[in-house]
**Q** 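There's a structure below that I have some questions on.
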Amino acid sequence: MQKILIRNANIVNEGKINAGDVFIEDGLIFVVGGKLSGYSADIEIDGTGKYLLPGLIDDQVHFREPGLTHKADIYTESKAAVAGGITSYMEMPNTDPQSITLDLLEDKYKLASEKSLANYSFYMGATNDNIDELLAVNPNEVCGIKVFQGSSTGNMLVDNPESLKRIFRDCELLIATHSENDDIIKENLEKYKAEYGEDIPIQFHPRIRSAEACYDASKKVVDLARMYGSKLHVLHISTKDEVKLFDNTLPLEEKRITAEACIHHLWFSDEDYESKGTLIKWNPAVKSKSDREGVMQGVLDNFIDVIATDHAPHTLKEKDQPYTKAPSGGPLVQHALVALLELYHEKKISLEEIVQKTSHNVSTLFEIENRGFIRPSYYADLVLVDLDDTWEVNRENILYKCGWSPFEHQRFRSKVTHTIVSGHLVYENGTFDESQKGSRLKFSRKQ
């Protein structure tokens, strides 16, 4: 394997920024220090003036394989991810077929071993009647169980109260939830359909998939987790009121209930529907400026523990339909880090906090084995960024299979220059070395 020496970088790690060098050997970080000498490397990278971060670990993506590969697949989206500084991802079960049995789950792991340029794990999907399969999952081999409380792409709605109780009572593995109250959403939708038909103006999306629907469902699962002592992770918090459901008094290692924020809920608001239309139609919906600010404050105050993408591509043809037919979701992995770095430039979040929420905390929360920190003996998953290299997102440099981005025409002040996955320099200044694939994530959990 490659021996890599990164020199003179500003290393952002564990709440500090220190200038130094990093030597990588056999896929692992061998030593981190000042001016390292006596190390012979196959590849030497000059990090002068740049910032070295642990690679991002994205705990929520939809890469659409198998079955939906006209819009995305594991190869194309993992390639976009590493170009954006994401070195590991956890992918959702609502593919075709859905990952709701152990055999179907292992089929996805086999695909990833052959195609993924980033490290990977896959959630097991919950349904109303597959609890025996959920209980058979090896907790050291799978990131978690995914529960959809609100119907979304590839309907896997768990709407039986007894099934939901059994999952929270009996499953020891982390439970990740998409929390929206489907009954509230259906009632709201019917009201707007009665007035507008199928072509509801997109600005009503956050009223249909309302703050009330989000809060009600999030509260329900938080109450269940407290009742049964479950390990619960509530995904894509989109309202300021939901933030209040969580705790910031415990260290992350002791939390049983945690929360995630996503890039789009930290960047966009309902004012952007006029210019972006269905390109920013997500579930849960992008909501008000005050919700966006409340979610960001929840991140900064440690009520919300991680930042992810919920990368979920659709084709432009699919998006360019009336409201009720246009699917929710959009591509984000290539631009997540640079968007966060833009928020850093705007003094809304620090570099140390970005690393904490996208790498350290994800590793800690999911108990990932030896990743997410720049430490000797940890896997060398690293990203080097230039904070002063402005560029513009356009169709020519978008890597997603769907070919578009909600950030198109956005000028970012920062650029990812190098990405290293498990000690392999997979991305350097726009070029890829695809000779090595990513690895399956392992978890160090007590059984």
**Q** Parallel under 30°, tilted from 30 to 60°, perpendicular over 60°: which one fits the rings of Phe148 and His178?
**A** tilted
**Q** What's the spacing between Ile100 CD1 and Ile145 CD1 if we round to 0.5 Å?
**A** 13.5 Å
**Q** Quick check on the 6.0 Å ring-centre criterion: do Tyr89 and His311 meet it?
**A** no
**Q** Enumerate the salt bridge (Lys or Arg N to Asp or Glu O under 4.0 Å) contacts for residues 420-435, please, sequence neighbours excluded, ordered by first and then second residue.
**A** Lys79-Glu434
**Q** Salt bridge check: are Lys240 and Glu293 linked by an N-O gap of less than 4.0 Å?
**A** no
**Q** In Å and rounded to the nearest 0.5 Å, what is the CD1 to CD distance from Ile374 to Glu14?
**A** 9.0 Å
**Q** Could you give all pairs that pass the salt bridge (Lys or Arg N to Asp or Glu O under 4.0 Å) test and reach residues 107-125, with sequence neighbours left out?
**A** Glu65-Lys115, Glu91-Lys108, Lys110-Glu114
**Q** Quick one: pull up CG in Leu441 and CZ in Phe122 and give me the separation to the nearest 0.5 Å.
**A** 9.5 Å
**Q** Under a 4.5 Å cut-off applied to non-hydrogen side-chain atoms, are Trp267 and Pro406 in contact?
**A** no
**Q** Looking at Leu365, is its backbone amide N or carbonyl O close enough to the side chain of Lys255 to form a donor-acceptor pair, meaning the two atoms are under 3.5 Å apart?
**A** no
**Q** Looking at CG of Asp381 and CD1 of Ile29, how far apart are the two atoms once the value is rounded to the nearest 0.5 Å?
**A** 8.0 Å
**Q** Are there over 12 heavy-atom neighbours, none belonging to Glu141, within less than 6.0 Å of that residue's CD?
**A** yes
**Q** Which pair of heavy atoms, one from Ala339 and one from Phe407, lies closest together, and at what distance?
**A** CB-CZ, 3.9 Å
**Q** With side-chain contact (heavy atoms from CB on, under 4.5 Å) as the criterion, how do Lys287 and Cys214 come out once you've worked through the C-alpha distance, each side chain's angles and the decisive distance to 0.1 Å?
**A** CA-CA 11 Å; Lys287 298 182 176 68; Cys214 293; 3.5 Å; yes
**Q** If the condition is ring pair (Phe, Tyr, Trp, His ring centres under 6.0 Å), which residues does Tyr123 pass it with, not counting sequence neighbours?
**A** none
**Q** Looking only at side chains, do Asp310 and His264 share a donor and an acceptor under 3.5 Å apart?
**A** no
**Q** Within this structure, what is the CD-CZ distance for the pair Gln297 and Phe303, rounded to the nearest 0.5 Å?
**A** 9.5 Å
**Q** Would a distance-only check, ignoring hydrogens and angles, find a side-chain to backbone donor-acceptor pair under 3.5 Å from Asn181 to Ile184?
**A** yes
**Q** Can you tell whether the side chains of Lys219 and Asp216 come within less than 4.0 Å, N to carboxylate O?
**A** no
**Q** Do Thr249 and Asp247 pass the side-chain hydrogen bond (donor to acceptor under 3.5 Å, both in side chains) test, and can you show the C-alpha distance, the side-chain angles, and the key distance before you say yes or no?
**A** CA-CA 6 Å; Thr249 63; Asp247 191 327; 2.5 Å; yes
**Q** Does Arg64 use its side chain to pair, donor to acceptor, with the backbone of Lys71 at less than 3.5 Å?
**A** no
**Q** Between the side chains of Lys231 and Glu172, is the shortest nitrogen-to-carboxylate-oxygen separation below 4.0 Å, so that they form an ion pair?
**A** no
**Q** Measure the acute angle between the ring planes of Phe412 and His335, then classify it against the limits of 30° and 60° as parallel, tilted or perpendicular.
**A** parallel
**Q** Any carboxylate oxygen within less than 4.0 angstrom of a Lys/Arg side-chain nitrogen, looking at Lys281 and Glu318?
**A** no
